[in-house]
Structures are given as structure tokens and as C-alpha cells.
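Below: one structure, written as C-alpha cells.
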Number of protein chains: 2
Amino acid sequence: MAEDTRERILSACERVIARSGLRGFRMQEVAREAGVSIGLLAYHFGDRDGLLEAALDHVNESAAIRAEAPGEQPAPARLIALLTSEFGDDEGIRDGSVAWNELRASAVFDAGQARAVARSTADWQQRVVELVRESLGPQGADPEPIALLLTALVEGLSGRWLTGQITAAQAQDAMRDAAARVGIRAD
Amino acid sequence: MAEDTRERILSACERVIARSGLRGFRMQEVAREAGVSIGLLAYHFGDRDGLLEAALDHVNESAAIRAEAPGEQPAPARLIALLTSEFGDDEGIRDGSVAWNELRASAVFDAGQARAVARSTADWQQRVVELVRESLGPQGADPEPIALLLTALVEGLSGRWLTGQITAAQAQDAMRDAAARVGIRAD
DNA sequence: GCAGGAACTGAAAATGAATTCAGGACGCCC
DNA sequence: GGGCGTCCTGAATTCATTTTCAGTTCCTGC
């Protein structure tokens, strides 16, 4: 069925991007990974640009979905879980992070992508704002700058992790340490 | 003179990367920007890969040099100046940041580049460690995690800035705010 | 003043990837 | 069973870019 195939192609795109980056994003490669012919890519997505755009939207959505998962714990624990969930040796997590990282880098040169990235990031940061507010209580410090600090830090640490400068565990520790410094502790 | 020309070509590469990214890094484009023929690029650098490698080394060095500039102010002011100097509407600063950003993204897929990035980053972070130590005094908190926090935050904010999510001035404010939260103030 | 080498040019050839297209398979309705 | 539309294939073609190379300029030492 067609919808199924489209989905299979898009997740193949994500794997190809995670493995070889945007520069290694070849239609031949995607076709092989998805187990379809190269012509089918054109049939469904028009051309390379169309495929790439759909793939990046897909990456963007996957990231948004991953950021859901409410949970029943108290706010500080939920917040720390949300922030540290970006790092992990799990193949799926790393693939998603790498793809998202590529999308972010590419958005510097593409206003359309930049808009999509900005929207996703703003949603995510808003969720952090609310969890920070809940964690610190109504009398606590202004949550906005804290949320900016925490989310931008996740992105910075993610770069360090993906380039092998630190491990996923060290990134998580650094994240917890930062949260503690702004008054947020899981225990 | 040849050395002069090489330098001219490499700084043309940096401008091309800043303008169009690694994906838009065309030899024709570099040749035009540098005002030389395309054949000369091959003469000096062998092939596209050789040129790109030299260009990224050059970006790396430029970034390292930019991080120098000691100054005569007290340690906290020097530290904040070092951290906020990454952001600015100055064309040179933005070009350097964009190029460095591309290098960092590309290093995810290239172990050699990752090593170079890691070395530069470690040097920079070490300078931050020392300024943090000086700022907080010998009885102060452990400077290492603070330096990791501050430098990773610079990288995260840089991504936000380059994708148009925040302005350079907002990035600087966020940086000063973060420094204040870990006990470092310019005044 | 000329032999030789380094710096440099630009157009032709090679390469590598995207796009196009003629057609095959399959299911569905009449 | 035959027409028809959707999904799909893969080889031929086109296109963009890099690589190569024959040749020019200009300097330097003899």
C-alpha cells in the first residue's frame, strides 16, 4: 500500500541522513535502504528536493513526538527526564539526534527549514517553561530565561556528544548539574 | 607570490562556506571569490577534498586565534567578553561562526575533523576554566563543570542565533544571565 | 638572451548523481 | 475478460561539477 511505502521511504531517509549526513543523502542510497526503486522516489516525492523536504519534516515530527511522553512523576523529575532524553546510546535516539542536528545546521541557509526548526524548538522550550514554573513554584524565578538556558544547553551538549567529545552519560550528568544550579533537582 | 595566493584562496573558502554552507562549496565559486582560475585550486591543493580540508583547518585556526585577545580587565569581565565575543552582527564574526558551525556539523561524520574540533574546543574550554577559577577565587566551586556549561551554552545559543531564532544581542544577554547564575558578574 | 621552473589559465574530458520515461504488474470495476 | 488507474521498475538521458592537461606568463640563474 502506498501510504505504508511513503512512510518506509521517509524512515529510510532518516537512517541515511543519520549515517551519512545531508551531504551523503543520495537517492540511490535511500532507494536501497527502503528497498524500492529509484523511480518510486520520484513518483511519490517529485524530485530530490521534494524528498528531502518531506524527510526533514518527518525528522522534525519524530522529534516533536519524542518530546511528548508526560509521565506521572513530580515536575522536576519530568523536566530532567525530558532534557536528558535527548542523549542515549540507543540507536534510535542517536539517529534522531544526528538527523535533527543536520536539520538545524542546514536551516542556517534555508529560511523555510529555519521556520520549521524554530516552531519545533519553540514548542519544546514552552514545555520546558511550564515544567520549570511548576518545579520552582509561583513565587520562583522567571522561568523563561531558565528554559532558554536549559534548552540551548541541551543543543550545545548534543553537539559535543555527537562529535565524540563527551559521552551520552556525561551529557546527562552535565544537564542534571545545570538544572541543579538553577534550583531544579529530581529528588 | 604563492603563499599569499594560498591564503587568499583559503579566506575565499571561508567566505563561500559562510555564504552557502558546505553543501554550496563549489570550486568555481571559490575560484571566483578568490579571483583565480579553477585550475589553480588544483595546483595548490590537489583536489576538492584537499581544498576543503585546508579550508576547514583554516576555519579552525581562525576560530582559535579569535579566542585569544587577553585584555587588561578583571577576570569576570574578561570571561564574559570571551564568551559573548562569539555573537555579533559584525560580518566577520558571523562568517566565522557560520563556518565553525558547519565544521562542527560536518565533524559528526568525519573522525579527522572531529579530532581537530575537539582539540580547539578543549583549548577554548581550558581558557574558560582558568578564567572561572580566577573569577570565583581559590575557595570557589569546581570550575570544570561550570566551564563545560558555559562553553556548551555558547554553542547552543550560537545555533539559535544563526538560524534566526534569537538576535546576537539576546544571545549575549542570555550568556551574561547564565554567567550570573553560576556566580560570575562583570561589575 | 635563453634554459628551466614555478605560478597560473581555461577549455575539454570524465565523473557521479538526478531526472525522465517506456513499460510491467496488480487490483478493481463494468 | 478487458479497460483503467495506481503503484512500481530500471535503464537511458541529462545535468552539474570536478578533474585533467596542454599551454601561457613571468621570474631567476647562467
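Excluded from the calculations below are hydrogen atoms, water molecules and symmetry mates; all remaining heavy atoms, backbone and side chain alike, are included.
Atom CG of Asp4(B) and atom C1' of dA6(C) are 15 Å apart (whole Å). If you measure from atom CZ of Arg32(B) to atom P of dT9(C), you get 15 Å, rounded to the nearest angstrom. Rounded to an integer number of Å, the gap from Phe45(B) CZ to dC8(C) P is 11 Å. Atom pair Arg6(B):CZ and dA6(C):P shows a separation of 15 Å (rounding to whole Å applied). Distance CG (Leu22(A)) to C1' (dA17(C)): 16 Å, rounded to an integer number of Å. Rounding to whole angstrom units, CZ of residue Arg23(A) and C1' of dT17(D) are separated by 17 Å.
Two residues are said to be in side-chain contact when any heavy atoms from C-beta on lie closer than 4.5 Å; Thr151(A) and Thr121(A) fail this criterion. Residues Leu79(A) and Arg127(A) fail the side-chain proximity criterion, which asks for heavy atoms closer than 4.5 Å.
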From CA spacing to verdict: side-chain contact (heavy atoms from CB on, under 4.5 Å), Phe109(B), Arg23(A): CA-CA 10 Å; Phe109(B) 305 99; Arg23(A) 75 174 150 183; 3.2 Å; yes
Chi angles and distances behind the side-chain contact (heavy atoms from CB on, under 4.5 Å) call for Val36(A), Tyr43(A): CA-CA 11 Å; Val36(A) 300; Tyr43(A) 177 76; over 6 Å; no
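With hydrogens and angles left out, the side-chain atoms of Gln113(A) and Ser106(A) include a donor and acceptor closer than 3.5 Å. Residues Gln125(B) and Arg160(A) have side chains that bring a donor and an acceptor to within less than 3.5 angstrom of each other.
Between dT9(C), dT9(D), dT6(D), one nucleotide has an atom nearer to the side chain of Leu40(B) than all others, and that is dT9(C).
Hydrophobic clustering keeps Leu150(B) apart from Val129(B) (ILVMFWY residues linked when any side-chain heavy atoms are closer than 4.5 Å, directly or through intermediates).
Contact between the side-chain N/O atoms of His44(B) and the OP1/OP2 oxygens of dA6(C) is not found at any separation under 4.0 Å. For the pair Thr5(B) and dA7(C), the criterion of a side-chain N or O lying under 4.0 Å from OP1 or OP2 is not met. Applying the 4.0 Å criterion to OP1 and OP2 of dC8(C), one finds that Tyr43(B) has every side-chain N and O outside that range.
Note that the two end axes of the helix from dG1(C)-dC30(D) to dC30(C)-dG1(D) enclose an angle of 10°, each drawn from 5 base pairs, rounded to 10 degrees.
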Are there any protein N/O atoms within less than 3.5 Å of an N/O atom in nucleotides 18-23 of chain C, and if so, which ones and at what distance?
unit_1  : atom_1 : unit_2   : atom_2 : d
dA18(C) : OP1    : Arg48(A) : NE     : 3.0
dA18(C) : OP2    : Met27(A) : N      : 3.2
dT19(C) : OP2    : Arg48(A) : N      : 2.7

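Heavy-atom neighbours of Arg8(B) CZ from other residues, nucleotides or ligands within 6.0 Å: above the threshold of 12.
For the pair Arg119(A) and Trp124(A), the cation does not sit on the ring face, since its NZ or CZ is not both under 6.0 Å from the ring centre and inside 45° of the axis.
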